[in-house]
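Below is one structure, written out as structure tokens, with a few remarks after it.
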Amino acid sequence: MSWSPILILRNVRPSFFSIPCLCCMAIMMSNSTSVMAQSQPSEQSTSRARGGRFEGVSHVLPKMGQDRPRFISGNLPEMIEGLELEPENSPVLELMLGQYEESFQNAKSDYLLEASTLTPDPGDSEEVKAKQVAAADELKRIRKDMQKRFREGEWDGDQARMKQAIDEASQSLVQQVLELQRAQENAIDYTQMFREYQEVLDRWLVNRAAIESEFEDQLAVFLNQDQLARWQQVKRQLIFANELDRGLLAGESLDLELVLEESVEDDQQRMLAADLISRWRLEAGELLLMRSSDFMDVARRYLRAGEEADPQAWLDAAAQEARVRQVLRDHTLSYVQSIADALDPQSSVAFREKVYMDVLDSLYRTTRIFRSIDAAMKQRPLLERSQLESVELLQLEASEWMLDRVIDLERALLEQDMSRFVAGRRAEGQEFFRRGSIPMTDWGKQSAESRQQIRDWDAAMMGRLKEIIGDVRYTRLPGARSAPSGSRRGGPGR
């Protein structure tokens with residue numbers, strides 16, 4: 001049975017609709033019962049998910065690079081330089097790269113088009129039918145009752161009384177609509193869709209690999225022996241350039257070379273760490289290249305979880321994805337101390353501080369002292385020489401103290417970040433399983449004791465800064481007018 005509240009109310013006298021609150025009632029009933037119509041087998045109903053959110057299978061699988069090309073046209077300058085290609089041969093490489101990208105995009109379009117035809121089974125259970133009929137009957141009863149009372153002049157033009165009557169009369173319908181919606185959500189079956197998507201994904205991955213293989217086969221014919229010998233190293237560099245910024249864990253997208261450039265101005269100091277940076281880049285490129293297949297294994301675990309309607313398996317897949325991402329993050333962080341040791345003490349502190357301000361920003365956001373010192377050193381008129389020296393010493397002391405806290409809290413905060421990631425994937429997968437069926441994940445919080453310790457230290461450091469620069473300058477600092485992020489007045493940190 002398919003019905004609409006607009007059709008049901010069609011025979012009501014025009015004067016009935018002229019009253020705004022009754023029009024609002026009709027709109028409310030229309031919005032509420034549109035959920036009911038979704039239970040009917042139709043093209044529209046099968047394109048919706050729990051709560052009407054289904055937007056096609058393309059958003060079912062978390063993004064892990066499955067629809068990105070390995071190489072892009074923007075890589076051409078790096079390829080020419082890395083392969084030491086002669087200028088007259090550059091157009092040939094440009095043509096080959098363009099053909100690869102075009103083939104990839106055409107195949108990707110076919111893959112997404114095929115995937116877009118996959119939809120969940122909306123379900124057609126007896127419970128849904130019974131609740132739909134009950135809601136329809138209740139709406140008809142309310143319509144007749146309201147019409148009768150209106151004709152009898154019960155409200156005598158008093159819209160407030162009439163609105164109250166409508167609100168009271170519609171409560172039972174609202175409850176029935178909510179029960180129907182819950183029944184519909186639980187009736188939707190995603191298992192066949194996930195099963196079919198696995199087949200679509202596998203065909204796409206085979207096709208994608210064939211396109212990449214064809215491009216590399218063409219390169220092997222085009223390049224000379226020396227250039228071919230350099231190709232694998234160049235390939236890792238391209239993967240590094242294309243994929244590093246795709247990270248989702250804290251520190252996963254950390255670019256140590258960029259951090260070094262931003263934190264250490266002395267060219268000679270940066271040169272001391274050049275070999276370590278080069279080695280890290282090559283190894284990170286290799287890890288990024290290798291983890292592509294690991295991600296596709298994770299993708300299949302997500303799809304099997306959906307096929308088997310197993311919410312715990314979905315969480316297990318999310319945890320596995322986090323571990324795959326963790327490898328690159330931990331590899332990058334393992335180089336931080338080695339690079340810092342190659343620098344002089346001042347550059348070492350600046351480099352490590354910049355790293356952890358990025359990776360553990362939630363820790364640094366609880367403080368005011370660092371941004372206050374930066375602001376104080378830029379104030380006009382400039383600080384006197386003795387004041388500037390004192391502020392610089394205070395800044396160095398603050399940096400060293402926070403780095404000590406990083407050593408104490410780093411592992412716990414990184415594990416907390418992984419738990420946060422899994423909690424996010426849990427939220428993404430919730431719509432594919434019965435409401436509340438995915439176990440909650442406790443991604444934890446920084447201990448209250450450690451937060452209070454940092455806040456107390458920060459307040460003391462702000463007091464020392466005030467003593468150095470004076471009350472007038474201090475009151476002009478942004479940090480002097482706000483509580484640290486994460487304090488009770490400023491709200492919780494991340």
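Residue indices begin at 1 and follow the sequence shown. Just so you know, these numbers use all the heavy atoms, side chains as well, and skip hydrogens, waters and symmetry mates.
Atoms OG and CZ, on Ser253 and Arg325 in that order, are 8.5 Å from each other to the nearest 0.5 Å. The CG atom of Leu223 sits 7.5 Å away from the CG atom of Leu93 when rounded to the nearest 0.5 Å. Going from atom CH2 of Trp204 over to atom CG of Asp110 covers 9.0 Å, rounded to the nearest 0.5 Å. The CD atom of Gln66 sits 4.5 Å away from the CG atom of Leu61 when rounded to the nearest 0.5 Å. Within the model, atoms OG of Ser90 and CG of Leu97 stand 12.0 Å from one another, a figure rounded to the nearest 0.5 Å. For the atom pair CD (Glu243) and CG (Leu238), the distance works out to 11.0 Å, reported to the nearest 0.5 Å.
With sequence neighbours excluded, the residues satisfying side-chain contact (heavy atoms from CB on, under 4.5 Å) with Ser292 are Arg70, Arg208. Applying the salt bridge (Lys or Arg N to Asp or Glu O under 4.0 Å) rule to Glu94 yields no partners; only residues at least two apart in sequence or on another chain are considered. Remark: Tyr100 pairs with Phe71, Phe215 by the ring-ring contact (aromatic ring centres under 6.0 Å, His included) rule, at least two apart or across chains. With sequence neighbours left out, the side-chain contact (heavy atoms from CB on, under 4.5 Å) criterion links Lys354 to Val259, Glu262, Ser263. By the salt bridge (Lys or Arg N to Asp or Glu O under 4.0 Å) test, Lys235 pairs with Glu212, Glu216, sequence neighbours left out. Listed by chain and residue number, Arg405 satisfy the salt bridge (Lys or Arg N to Asp or Glu O under 4.0 Å) test with Asp408 (two or more places apart in sequence, or in another chain). Residues satisfying the salt bridge (Lys or Arg N to Asp or Glu O under 4.0 Å) test with Arg141, not counting sequence neighbours, are Glu138. Taking the side-chain contact (heavy atoms from CB on, under 4.5 Å) definition, one finds that Asp67 meets it with Lys63, Lys108, sequence neighbours left out. Remark: Asp245 engages no residue in a side-chain contact (heavy atoms from CB on, under 4.5 Å) (not counting sequence neighbours).
When all heavy atoms are compared, the tightest approach of Ile339 to Ala273 is CG2-CB, 3.8 Å. Here the closest heavy-atom approach between residue Ala318 and residue Phe421 is recorded as O-CE2, 3.8 Å. Minimum heavy-atom separation, Ser338 to Leu276: O-CD1, 3.5 Å. Shown here for Ala107 and Asn207, the closest heavy-atom pair between the two residues is CB-ND2, 3.6 Å. Residues Ala322 and Val422 approach most closely at CB-CG2, 4.3 Å, considering heavy atoms. What you find for Ser170 and Ile142 is that their closest heavy atoms are CA-CD1, 3.9 Å.
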Under 3.5 Å, side-chain donor or acceptor atoms of residues 327-334 against the rest of the protein: list the pairs with distances, not counting sequence neighbours.
unit_1 : atom_1 : unit_2 : atom_2 : d
Arg329 : NH1    : Leu414 : O      : 3.4
Asp330 : OD2    : Gln326 : NE2    : 3.1
His331 : NE2    : Glu283 : OE1    : 3.4
Thr332 : OG1    : Trp280 : NE1    : 3.1
Thr332 : OG1    : Leu328 : O      : 3.2
Ser334 : OG     : His331 : O      : 2.5

Could you give the side-chain donor-acceptor pairs of residues 77-88 under 3.5 Å, partners two or more places apart or in another chain?
unit_1 : atom_1 : unit_2 : atom_2 : d
Glu86  : OE1    : Asn89  : ND2    : 3.1
Glu86  : OE1    : Gln227 : NE2    : 3.4

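When side chains are defined from C-beta on, Val221 does not count as touching Gln218, because their heavy atoms never get closer than 4.5 Å. Within the 4.5 Å cutoff, no side-chain heavy atoms of Leu360 are placed close to those of Asp417. A 4.5 Å side-chain heavy-atom check between Arg420 and Gln416 finds every atom pair outside the cut-off. With contacts defined as side-chain heavy-atom distances shorter than 4.5 Å, the pair Val92/Leu95 does not qualify. The shortest distance between side-chain heavy atoms of Val234 and Trp231 falls below 4.5 Å.
Ser116 contributes a side-chain N or O that, together with a main-chain N or O of Leu113, makes up a donor-acceptor pair within less than 3.5 Å. A donor-acceptor contact shorter than 3.5 Å is absent between the side chain of Arg236 and the backbone of Leu289. A donor-acceptor pair under 3.5 Å is absent between the side-chain atoms of Arg68 and the main chain of Met64, judged by distance alone.
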Taking it one step at a time, do Asp202 and Gln198 satisfy side chain to side chain donor-acceptor pair (under 3.5 Å)?
-> CA-CA 6 Å; Asp202 285 338; Gln198 288 187 66; over 6 Å; no

Apply side chain to side chain contact (heavy atoms under 4.5 Å, CB included) to the pair Phe194 and Leu118, showing each step before the final yes or no.
-> CA-CA 9 Å; Phe194 276 103; Leu118 305 179; over 6 Å; no

Using the side chain to side chain contact (heavy atoms under 4.5 Å, CB included) rule, take Leu363 and Met402 through it: C-alpha gap first, then chi angles, then the decisive distance, then the call.
-> CA-CA 9 Å; Leu363 189 64; Met402 279 297 292; 4.0 Å; yes

For Leu260 and Leu343, what are the C-alpha separation, side-chain angles and deciding distance, and is it a side chain to side chain contact (heavy atoms under 4.5 Å, CB included)?
-> CA-CA 10 Å; Leu260 187 63; Leu343 307 173; 4.0 Å; yes

What's the verdict on side chain to side chain donor-acceptor pair (under 3.5 Å) for Gln105 and Glu101, showing C-alpha distance, side-chain angles and the deciding distance?
-> CA-CA 6 Å; Gln105 293 301 333; Glu101 201 165 23; 5.2 Å; no

Before giving the answer on side chain to side chain donor-acceptor pair (under 3.5 Å), spell out for Asp316 and Gln320 the whole-Å C-alpha distance, their side-chain angles and the decisive distance to 0.1 Å.
-> CA-CA 6 Å; Asp316 293 342; Gln320 180 61 29; over 6 Å; no

Using the side chain to side chain contact (heavy atoms under 4.5 Å, CB included) rule, take Leu205 and Tyr111 through it: C-alpha gap first, then chi angles, then the decisive distance, then the call.
-> CA-CA 10 Å; Leu205 294 179; Tyr111 154 63; over 6 Å; no

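With respect to the salt-bridge test (charged N to carboxylate O, under 4.0 angstrom), the residues Arg291 and Glu252 qualify. Taking a cutoff of 4.0 Å between a charged side-chain nitrogen and a carboxylate oxygen, Arg203 and Glu114 qualify as a salt bridge.
In this structure, Asp275 places its CG atom where only 12 or fewer heavy-atom neighbours from other residues, nucleotides or ligands lie under 6.0 Å away. In this structure, Gln99 places its CD atom where more than 12 heavy-atom neighbours from other residues, nucleotides or ligands lie under 6.0 Å away.
Using the six-membered ring where Trp is involved, Trp314 and Phe432 have ring planes that are tilted, between 30° and 60° apart.
Across Leu249, Asp294, Val298, a single residue satisfies side chain to side chain contact (heavy atoms under 4.5 Å, CB included) together with Glu321, and that is Val298.
Residue pairs meeting the salt bridge (charged side-chain N to carboxylate O under 4.0 Å, His left out) criterion with at least one partner in residues 301-315, sequence neighbours excluded, are Arg195-Glu307.
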